[in-house]
Participant: 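Shown below is the structure under consideration.
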Amino acid sequence: MNNFEFCNPVKVVFGKGSIARLSSLIPASSSVLLIYGKGSIKTNGVYNQVKEALKDYQVREFSGIEANPHYETCMQAVELAKREKVDFLLAAGGGSVIDATKFIAAAVYFEGDPWNILSRGDTIRRTMPIGVVLTLAATGSETNERAVISRVSEGRKLNFASPLVFPRFAVMDPEVTYSLPACQVANGVVDSFIHVIEQYLTYPVNAKVQDAFAESLMCVIRTEGLKALNQPLDYDIRANLMWAAANALNGWIGQGVPQDWSSHRIGYVLTAQFGLAHAETLAVILPGVMQYMQNEKQEKILRLGAVVFGITGGGTEERVEKTITAVELFFRTMGLKTRLHEYGIKETDLDALTRPVDQSGWKLSEKGHIDAKAAREILSLRL
Ligand code: NZQ
Ligand code: ZN
């Protein structure tokens with residue numbers, strides 16, 4: 001196992017009715033900016049619960065954060081936060097609202113052009129404190145220090161990370177996810193499953209805790225994810241999915257192990273250029289990464305097949321192939337498409353799709369083997 005240093009400072013308040021705890025989590029004198037998306041919190045009761053919990057606070061609001069949040073919209077919130085002199089940001093939503101809030105928290109005090117946080121990875125020195133009311137189990141953004149933002153005018157989707165954007169707290173009430181459409185539940189299941197994969201499916205470094213933890217998470221996400229489609233109002237299923245998704249990307253399983261975020265990075269381009277939802281991009285790309293990297297990842301693919309999908313019989317090549325097929329079948333059973341042509345994307349689109357990988361000079365995968373040329377080959381496996 002590799003050396004590591006790690007601290008996750010996010011306080012989690014989990015369970016039914018936990019939104020009522022907000023007033024014990026935000027300092028009493030705070031001037032709060034409540035940030036949310038296109039309005040689902042108004043129809044599912046989350047907005048009313050938040051307002052009731054914060055009735056003794058001064059609360060301003062910024063709504064309209066898009067799925068795959070836009071830099072341009074975040075900058076409008078930055079202006080509002082400065083103008084109204086707020087000092088605490090409360091995100092109520094899924095990964096998009098939380099990520100936008102992290103960027104706003106960093107941009108509000110940033111000296112210079114905040115775009116440089118994303119485009120050049122400029123260091124963040126100060127942020128406004130953030131709290132989260134989670135409404136969608138998927139990204140793990142509620143308990144991590146990462147965010148992904150899109151700049152529409154440039155057709156780019158970029159990420160940043162800083163320990164200064166860890167939320168102070170994450171309120172996680174599984175009941176608020178009952179209102180999600182089935183496709184968003186499925187997207188969350190596939191995204192969180194692939195977060196585990198990106199930190200697991202590399203090569204063994206004898207990290208027994210991380211491997212066993214990752215495998216448990218994948219088993220839970222797969223079985224409960226399939227159940228959630230048929231039993232959408234089952235509290236225990238929602239609770240297990242919500243906690244699994246947080247643990248999939250709160251940092252713990254990734255400590256001291258090699259990681260490969262190729263599917264995510266290539267996926268950002270598919271979202272930026274073709275508008276696919278985040279999980280939709282991953283369901284298409286991951287089987288291609290597994291196929292392209294099957295020799296480098298062989299030991300872990302075999303272990304994944306045996307532990308998570310029960311594939312034990314046959315020779316090595318056969319088991320590898322069966323495991324890749326089982327992963328793709330899982331995504332399809334969740335209702336996601338797994339081929340580019342199903343989104344109308346053709347061979348002639350591949351150059352444009354891999355150009356950003358080339359321009360950014362990304363060397364992806366656990367060993368830096370995946371450059372623009374390799375990314376093109378992976379995408380061509382998925383046509
Ligand atoms: O606009 P609102 O009203 O919020 O509606 C949202 C949106 O339309 C809706 N929704 C959320 N909770 C709901 C609900 N509808 C009904 N009932 C509820 N309880 O669902 C739609 C999708 O929401 P979104 O926040 O976009 O989904 P998700 O949580 O999957 O977030 C995706 C974003 O997170 C980024 C992705 O790239 C993408 O931009 N990621 C962030 C990561 C991180 N910070 O660590 C890691 C991930 O890999 C990912 O890249
Ligand atoms: Zn993801």
Side-chain angles (χ1 to χ4, degrees), residues 8 10 19 34-47 49 62-71 73-74 91-103 118 130 132-151 156-162 165-167 170 172-199 221 232 238 241-242 245-246 248-251 254 259 261-272 275-283 285-286:
N8 184 323
V10 183
I19 296 175
L34 170 63
I35 300 174
Y36 54 99
K38 298 278 187 185
S40 62
I41 67 165
K42 291 249 168 108
T43 49
N44 65 9
V46 169
Y47 177 84
Q49 289 185 61
F62 185 89
S63 63
I65 301 290
E66 310 82 1
N68 303 306
H70 295 177
Y71 170 81
T73 309
C74 293
S96 294
V97 170
I98 303 168
D99 284 8
T101 304
K102 289 174 177 174
F103 182 72
L118 294 153
I130 303 168
V132 167
V133 175
L134 181 67
T135 65
L136 198 171
T139 63
S141 186
E142 64 279 9
T143 49
N144 73 33
E145 78 290 36
R146 305 165 177 224
V148 198
I149 304 292
S150 299
R151 189 159 191 172
R156 295 177 78 188
K157 180 173 180 176
L158 298 171
N159 65 323
F160 78 97
S162 162
V165 298
F166 269 117
M172 300 168 66
D173 179 349
E175 287 193 309
V176 308
T177 65
Y178 291 162
S179 57
L180 282 164
C183 65
Q184 295 296 351
V185 175
N187 284 349
V189 166
V190 169
D191 187 25
S192 53
F193 186 88
I194 296 179
H195 291 158
V196 182
I197 289 270
E198 307 262 55
Q199 298 163 86
I221 293 167
R238 296 298 186 142
L241 282 176
M242 190 176 252
L249 201 48
N250 62 6
Q259 304 188 12
W261 289 91
S262 309
S263 300
H264 269 72
R265 284 292 181 89
I266 301 169
Y268 293 163
V269 187
L270 271 180
T271 296
L276 274 68
H278 173 61
E280 291 174 343
T281 70
L282 304 174
I285 297 166
L286 177 68

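Since we're looking at a predicted model, the values are computed, not measured. First listed ligand is number 1; within each ligand, the first listed atom is number 1.
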Participant: If I only include protein atoms of type N, O or S, how many are less than 2.8 Å from the Zn ion (ligand 2)?
Facilitator: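 With waters ignored, the protein N/O/S count below 2.8 Å is 4.
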Participant: Where the side chain of Thr177 meets the backbone of Thr135, is there a donor-acceptor pair that is under 3.5 Å apart?
Facilitator: no
Participant: Quick one, list the residues around ligand 1 where some non-hydrogen atom comes in under 4.0 Å, by chain and residue number.
Facilitator: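 Residues Gly37, Lys38, Gly39, Ser40, Asn44, Ala67, Asn68, Pro69, Gly94, Gly95, Ser96, Asp99, Thr135, Leu136, Ala138, Thr139, Ser141, Asn144, Arg146, Ala147, Val148, Lys157, Val176, Ser179, Leu180, Gln184, Asp191, His195, Leu249, His264, Tyr268, His278 each place a heavy atom under 4.0 Å from ligand 1, listed by chain and number.
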Participant: Donor-acceptor pair, Asn187 side chain versus Ala279 backbone, under 3.5 Å?
Facilitator: no
Participant: So, taking the atom named NE2 in His278 and the one named CG in Asn68, what distance separates them when rounded to the nearest 0.5 Å?
Facilitator: 8.5 Å
Participant: So Lys157 and Val269, do their side chains get closer than 4.5 Å, heavy atoms only?
Facilitator: no
Participant: With a 4.5 Å cut-off on side-chain heavy atoms, are Leu34 and Tyr47 touching?
Facilitator: yes
Participant: Do Ile41 and Val97 have side chains that get closer than 4.5 Å, going by heavy atoms?
Facilitator: no
Participant: Under 3.5 Å, is there a donor on one side chain and an acceptor on the other for Asp99 and Ser141?
Facilitator: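 Yes, because at least one side-chain N or O of Asp99 sits under 3.5 Å from a partner of the opposite role on Ser141.
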Participant: With His264, which of Ile285, Asp191, Leu286 fulfils side-chain contact (heavy atoms from CB on, under 4.5 Å)?
Facilitator: Asp191
Participant: Does Ser63 use its side chain to pair, donor to acceptor, with the backbone of Tyr36 at less than 3.5 Å?
Facilitator: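 No.
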